[in-house]
Structure formats: structure tokens, C-alpha cells
Amino acid sequence: MGKLLLVINCFILAIGHCGGPLMMRLYFIHGGKRVWFSSWLETGGWPIILFPIACAYLHRSRTQPSAENKLFLMKPRLFIAAAVIGILTGVDDYIYAYGVARLPVSTVALIIASQLVFTAVFAFVLVKQKFTSYSINAVFLLTMGAGVLGLNTISDRPKNESYREYVLGFVMTVGAAALYGFILPLVELTYKKAKQEISYGLVLEIQAVMCLFATAFSTIGMLVNNDFKVIPKEAREFVLGETKYYTIAIMSAIVWQCFYLGVIGIIFCSSSLVSGIVIAVLLPVTEILAVIFYKESFHAEKGVALALSLWGFLSYFCGEIKQSKINKPALHLLQSEMPSVPNCQISV
């Protein structure tokens with residue numbers, strides 16, 4: 001069940017990571033200009049999470065005594081931690097949206113791939129992540145892939161955009177990669193320091209609280225920037241039409257929820273490093289989709305990056321398979337001496 005849940009969350013993350021930037025860029029290239037509104041959409045779909053939380057509660061009501069069953073599992077300590085991470089996520093959403101507003105999707109994707117390095121460093125510092133030769137090789141190859149792509153990024157500068165705006169968008173996107181590289185291990189550290197059993201139902205609650213506070217942060221930015229007053233006018237002037245404007249906004253909010261739900265689900269079942277690797281591996285997919293839908297160039301550097309990314313992905317998971325075979329005899333010996341304790345609690 002743990003492996004199945006991990007695969008499901010990887011699939012959910014793939015939908016969000018590949019679809020989110022494409023939807024956001026679609027908004028900007030057809031007349032959208034509100035950066036705060038775009039950052040708000042990244043987490044504004046958080047009420048969707050209330051449905052699976054309600055399902056988890058109904059499941060517990062059938063399997064647990066009513067005296068022990070609670071509507072929300074989260075304790076105040078964990079709520080505060082999730083709120084702080086949510087605010088940091090709101091900051092990250094804004095600077096990421098700023099970068100997407102000024103850079104092609106393919107360029108944004110390659111910069112975001114550098115977050116794997118930040119995730120690896122912060123994972124080592126915060127949660128004492130253990131590295132094997134396979135995981136080190138994967139980080140190196142995926143980072144090299146992003147570096148190769150960076151060799152030709154300046155040729156992707158959109159028309160009618162100044163060099164200064166392009167560079168500023170580049171810097172902001174690097175900042176977004178660094179900050180999210182810190183947030184991922186911070187979520188894992190929160191799980192470890194929670195002082196309560198971390199079930200998947202509780203993970204959903206953490207997701208809801210994080211997105212709630214991130215959305216609140218972006219809402220304040222929208223109020224200060226008068227976005228709520230401008231959005232109706234912007235919708236009427238949108239190149240694709242007013243109806244498609246709101247359709248894009250709604251779909252963007254839903255797709256981004258898939259991203260965040262997939263990320264924290266992978267951290268729950270494995271680690272923050274694995275979530276960072278999966279995000280980096282999806283880089284070539286995002287590149288290809290950007291070429292197909294937005295006619296962005298696919299030069300030789302992107303082909304090399306694709307090969308390096310796939311090589312890094314296979315290196316990591318082949319190493320995990322070999323490591324599990326090595327550990328299996330020791331695990332059987334341990335189980336014969338004492339009851340096993342699963343790392344991934346699937347209860348809701």
C-alpha cells in the first residue's frame with residue numbers, strides 16, 4: 001500500500017508540475033498581467049482538499065470509536081508549523097509567478113530544476129538525509145541537465161521584453177527554486193517533529209492549512225495591488241475571451257492543487273529528496289509540452305538535458321532497488337526478533 005500510494009502521488013505531482021506552469025503562462029501570453037492573482041491561483045483551490053478530508057473522517061467514524069474520532073486530527077503545534085510553511089509558500093508563489101510572467105515555460109522549468117540542489121543541501125542540514133552513490137549521481141546528472149539548458153536561455157527572451165526584465169525574471173525564478181528547496185525538507189522536518197502519528201488524513205489537513213495561509217498572503221497582496229477591481233476589466237479584454245479567462249483561472253487553481261498534494265504525499269511516503277528528484281525528472285516533460293503548445297524552440301541543449309535527466313532518474317531508482325535487496329535479509333532477521341513498524345502510515 002505504501003508503494004501504491006507513492007506511485008499515485010507521483011502521478012498527481014506530474015499533473016500539477018507539468019500543467020501548472022503551462023496554465024499560468026497561457027494566462028500571461030494572452031493578456032493577463034496580474035502577478036499577485038497568478039500567485040493566488042497556485043493555492044486558491046485549497047477548499048478542494050476539504051472533500052477528501054471529509055471522506056477520511058467518515059472512514060474513521062466507521063472504524064474507530066466515536067469518542068476517539070475527531071473531525072480534525074491536527075494539534076495546535078502542528079497547525080502553527082503548517083501556517084508558517086504556508087506563509088513561506090505564499091512568498092514562493094509570488095516570486096515564481098513573477099518569473100513565469102517574464103520567461104518562457106521551458107526556461108522557467110530548467111531554472112526550477114536547480115531546486116534539487118537546494119533540496120539536497122537543506123535535506124542534509126534539516127533532516128540529516130543520508131546520501132548513497134546513486135542519489136549523489138542522480139542529483140549531479142539532473143543538475144547538469146539544468147546547467148546544459150542554461151547555455152542557450154538568453155535566445156529564449158520573449159519579444160517586446162527588455163533585457164532588464166528578462167534578467168529580473170531569471171533572478172526571481174532562481175529565488176523561487178531556492179526557497180522551495182528549503183520548504184520541502186522543512187515539511188519533512190515538521191512530520192518528524194509533530195509529536196503525533198502522521199497519517200495520510202493528517203497530511204491532507206497539513207496541505208489545507210498550508211494552502212490556506214499561502215492564499216491569505218496572496219490575498220493581502222491582491223488587495224494592496226487593487227487586483228480585485230482590475231480582474232473584471234482584464235477578463236473582458238482577454239484575447240481568448242472572458243469565458244476562457246475564468247476557465248483558465250479555475251483550471252489553474254485545480255491543477256496547482258495536484259502539485260502541492262503530490263509533493264507532500266511523496267514526502268509522507270518517502271522523503272523530501274525524492275520529491276525534489278521527481279520534480280526535476282518532470283523537467284523534460286514540461287519542456288516538450290511547452291514546445292508542442294507554445295511553439296518554443298527545442299535546440300540541441302534541451303535534447304542533451306532530456307538524456308541527462310532520464311539517466312539521473314534511472315540511476316536513483318535502480319540504486320533504490322539494489323539497496324532494498326541488500327536490506328531485505330536484515331529486515332527479515334529484525335522482524336523475527338521484534339514487530340515491524342511501517343514508515344508510511346496509510347491510515348486516514
Side-chain angles (χ1 to χ4, degrees), residues 1-17 43 45-46 48-57 59-60 63 70 72-75 77-86 88-89 92 115-116 119-120 122-124 126-130 135 180-214 256-282 316-317 320 323-324 340-348:
M1 285 297 295
K3 292 180 179 178
L4 176 61
L5 187 62
L6 177 60
V7 171
I8 291 173
N9 278 282
C10 287
F11 178 73
I12 294 173
L13 173 60
I15 294 174
H17 185 267
T43 54
W46 69 268
I48 297 172
I49 304 298
L50 296 178
F51 176 72
I53 290 176
C55 292
Y57 172 74
H59 174 76
R60 291 195 304 270
T63 58
K70 298 179 180 179
F72 296 106
L73 302 172
M74 188 179 299
K75 295 181 179 179
R77 173 190 177 94
L78 191 55
F79 178 86
I80 294 173
V84 172
I85 297 175
L88 291 176
T89 302
D92 184 73
Q115 101 178 17
L116 179 59
T119 301
F122 287 121
F124 176 78
L126 295 178
V127 296
K128 311 302 179 185
Q129 173 72 48
K130 294 181 180 180
S135 59
Y180 206 66
F182 172 70
I183 289 174
L184 293 179
L186 191 60
V187 172
E188 184 177 357
L189 180 64
T190 301
Y191 290 168
K192 293 180 180 293
K193 300 294 185 180
K195 293 185 177 180
Q196 66 178 110
E197 179 184 335
I198 302 295
S199 65
Y200 194 68
L202 183 56
V203 167
L204 293 174
E205 293 181 20
I206 294 172
Q207 160 80 354
V209 172
M210 287 171 52
C211 289
L212 170 62
F213 277 85
W256 277 116
Q257 277 305 299
C258 292
F259 171 80
Y260 287 108
L261 184 58
V263 164
I264 66 169
I266 292 174
I267 296 174
F268 167 68
C269 289
S270 186
S271 68
S272 56
L273 180 62
V274 172
S275 67
I277 288 175
V278 174
I279 290 173
V281 164
L282 291 170
Y316 178 80
F317 283 99
E320 286 294 301
Q323 192 66 33
S324 65
S340 62
V341 180
N343 291 326
C344 183
Q345 300 291 333
I346 310 300
S347 60
V348 293

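Remark: Cys55 SG to Leu50 CG distance equals 11.0 Å, nearest 0.5 Å. Rounded to the nearest 0.5 Å, atoms CD1 (Ile279) and CZ (Phe259) are 4.0 Å apart. For the atom pair CD1 (Ile53) and OH (Tyr57), the distance works out to 13.5 Å, reported to the nearest 0.5 Å. Separating the OG1 atom in Thr190 from the CG atom in Leu186 is a distance of 5.0 Å, to the nearest 0.5 Å.
Partners of Tyr180 according to the side chain to side chain donor-acceptor pair (under 3.5 Å) rule, which considers only residues two or more places apart in sequence or in another chain, do not exist here. The side-chain contact (heavy atoms from CB on, under 4.5 Å) search around Lys192 returns Val127, Glu188, not counting sequence neighbours. The ring-ring contact (aromatic ring centres under 6.0 Å, His included) test applied to Tyr260 returns no partner, not counting sequence neighbours. Considering only residues two or more places apart in sequence or on other chains, Ala194 meets the side-chain contact (heavy atoms from CB on, under 4.5 Å) condition with Leu78, Gln196, Ile198. Not counting sequence neighbours, the partners of Thr43 by the side chain to side chain donor-acceptor pair (under 3.5 Å) test are Thr215.
Nearest heavy-atom pair, Ile267 versus Leu184, reported as atom, atom and distance to 0.1 Å: CD1-O, 3.6 Å. Pairing each heavy atom of Gly181 with each of Pro185, the nearest pair is O-CD, 2.9 Å. Between Val263 and Leu13 the shortest heavy-atom distance is CG2-CD1, 3.5 Å.
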Using a 3.5 Å cut-off and no angle test, enumerate the donor-acceptor pairs between side-chain atoms of residues 201-213 and protein atoms at least two apart in sequence or in another chain.
{"unit_1": "Glu205", "atom_1": "OE1", "unit_2": "Leu73", "atom_2": "N", "d": "3.0"}
{"unit_1": "Glu205", "atom_1": "OE1", "unit_2": "Met74", "atom_2": "N", "d": "3.0"}
{"unit_1": "Glu205", "atom_1": "OE2", "unit_2": "Leu73", "atom_2": "N", "d": "2.9"}
{"unit_1": "Gln207", "atom_1": "NE2", "unit_2": "Gln257", "atom_2": "OE1", "d": "3.2"}

Which side-chain N or O atoms in residues 5-12 pair as donor and acceptor under 3.5 Å with protein atoms at least two apart or in another chain?
{"unit_1": "Asn9", "atom_1": "OD1", "unit_2": "Tyr200", "atom_2": "OH", "d": "3.3"}
{"unit_1": "Asn9", "atom_1": "ND2", "unit_2": "Leu5", "atom_2": "O", "d": "2.8"}

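Between Tyr191 and Ile264 there is a side-chain heavy-atom pair separated by less than 4.5 Å.
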